[in-house]
Amino acid sequence: MQASAIAHPNVALIKYWGKRDTGQNLPATGSLSLTLEGLQTRTRVSFDPALQADQVSVNGAADAKAAGGVVRCLDQLRAIAGSRDFARVDSENDFPTGAGLASSASGYAALVRAASAALGIVGHEAELANIARQGSGSAPRSLYDGIVLLENIDDGIACRSVCAPEDWPLSVLVAVTSRAPKSVGSTAGMERSRLTSPCYRGWLETHPADLQTALECVARRDFDRLAKVSEHSCLKMHALAMSSQPALVYWNAATMAAMQVVRDLQASGVPVFFTIDAGPQLKAVCLPEAVPGVKAALAACPGVLELIECTLGRGAREIAQ
Ligand code: PMV
């Protein structure tokens, strides 16, 4: 009745920002992401008939904020397994939590992997993805390897790997510019954009073409075109955020400085592009041969506190206790 799993966060190239059903936590659009080996969540779940309620700790401290979503996921897994036992959940991140590095994605992916293994659930992959997305819309992507597509289907989402890590070994350098938790989380932020940004309609109208283009680029390993459409999706998402009322500005001065570093590298022919989620960290995606140069340039950028080197990684998986 106990199991452990590890999962990596993911970063979207074609972003998700806005929900089509807030109560069900269903995204308005699909998305395309990279699973990031180099950052890791490790979660242990123990079901215990003696417990009176589920207990959730994140990085060694009880976490009441995470508990609601975790209990919802556990309830659905218990229903599949026919179990009524409560669980103790202990989750540790080896990177800043809640700071725009997708700790909720890796957290929920590790949770459903560990909890389903502890309950002896075999198969049910599509259900696991739909359970994970109720905790965090981007979490199903962390269940899968390499480059991952999340699509809307009638009553939920479907998620799958479209390129294994070894088939296109991209590198990602995460430039950490602040370790503080973000002031407006992505759920509240994207709801604000849906309700108040004049750009929201245009976002929905143009998103399917961006996703299609990016999928073609992955199939052809066309880095330059993937760079263009990914930066476009990122900047469009931040245009939505910035044009919300009240405005959501997730960047700081160092985010902008790091973006300029990437643009200067591009101008000198280096295969690199940037993407930024709902936080101030910049992720530089590059071909492996560009890593040393990109690393040196970002390390010299004022305000960059730390660089974390990632590669494309595997989806969430059970590990020995
Ligand atoms: O899954 P959430 O609720 O943390 O939202 C993720 C939102 C972005 O990271 C900004 C975009 C994305 O597609 O990952």
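Residues take their numbers from the sequence shown, with the count starting at 1. Just so you know, ligand 1 is whichever comes first in the structure, and atom 1 is the first atom listed for that ligand. In this text, all values refer to a predicted model and were calculated from it rather than measured experimentally.
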Regarding ligand 1, does [X] bring an N or O atom to under 3.5 Å of one of the ligand's N or O atoms?
| X | result |
| --- | --- |
| K15 | no |
| N10 | no |
| S186 | yes |
| S31 | no |
| G137 | yes |

Between [X] and [Y], does at least one N-O distance fall below 4.0 Å, as a salt bridge requires?
| X | Y | value |
| --- | --- | --- |
| R72 | D75 | no |
| K15 | D277 | yes |
| E231 | K283 | no |

Notebook entry, point to check: Using 30° and 60° as the class limits, which term best fits the ring planes of W168 and F223: parallel, tilted or perpendicular?
Noted result: perpendicular

Check: Is A105 near ligand 1, meaning one of its heavy atoms is under 4.0 Å from it?
Finding: no

Note to self: Looking at non-hydrogen atoms alone, which of H238, R141, M237 comes nearest to atom 12 (C) of ligand 1?
What the structure shows: R141

What atoms in ligand 1 come closer than 4.0 Å to a heavy atom of [X]?
| X | answer |
| --- | --- |
| M190 | 5 (O), 7 (C) |
| A12 | 12 (C), 13 (O), 14 (O) |
| A278 | 10 (C) |
| S104 | 4 (O) |
| D277 | 8 (C), 9 (O), 10 (C), 11 (C) |
| W17 | 10 (C) |
| S136 | 1 (O), 2 (P), 4 (O) |

Check: Tell me, which protein residue and heavy-atom name are nearest atom 1 (O) of ligand 1, and how many Å apart are they?
Finding: S138 OG, 2.6 Å

Next item on the list: Distance to 0.1 Å, residue and atom name: give those for the protein heavy atom nearest to atom 11 (C) of ligand 1.
Entry: Y16 O, 3.3 Å

Can you name the nearest heavy-atom pair linking [X] to [Y], along with the distance?
| X | Y | answer |
| --- | --- | --- |
| A109 | S142 | CB-CB, 3.6 Å |
| G185 | Y250 | O-OH, 3.8 Å |
| A297 | V261 | CB-CG1, 3.7 Å |

Check: Quick one: do the T213 and D210 side chains pair a donor with an acceptor below 3.5 Å?
Finding: no

Check: Are N10 and T35 linked by a side-chain donor-acceptor pair shorter than 3.5 Å?
Finding: no

Item checked: Beyond-backbone contact of D85 with L51, side-chain heavy atoms, under 4.5 angstrom -> no

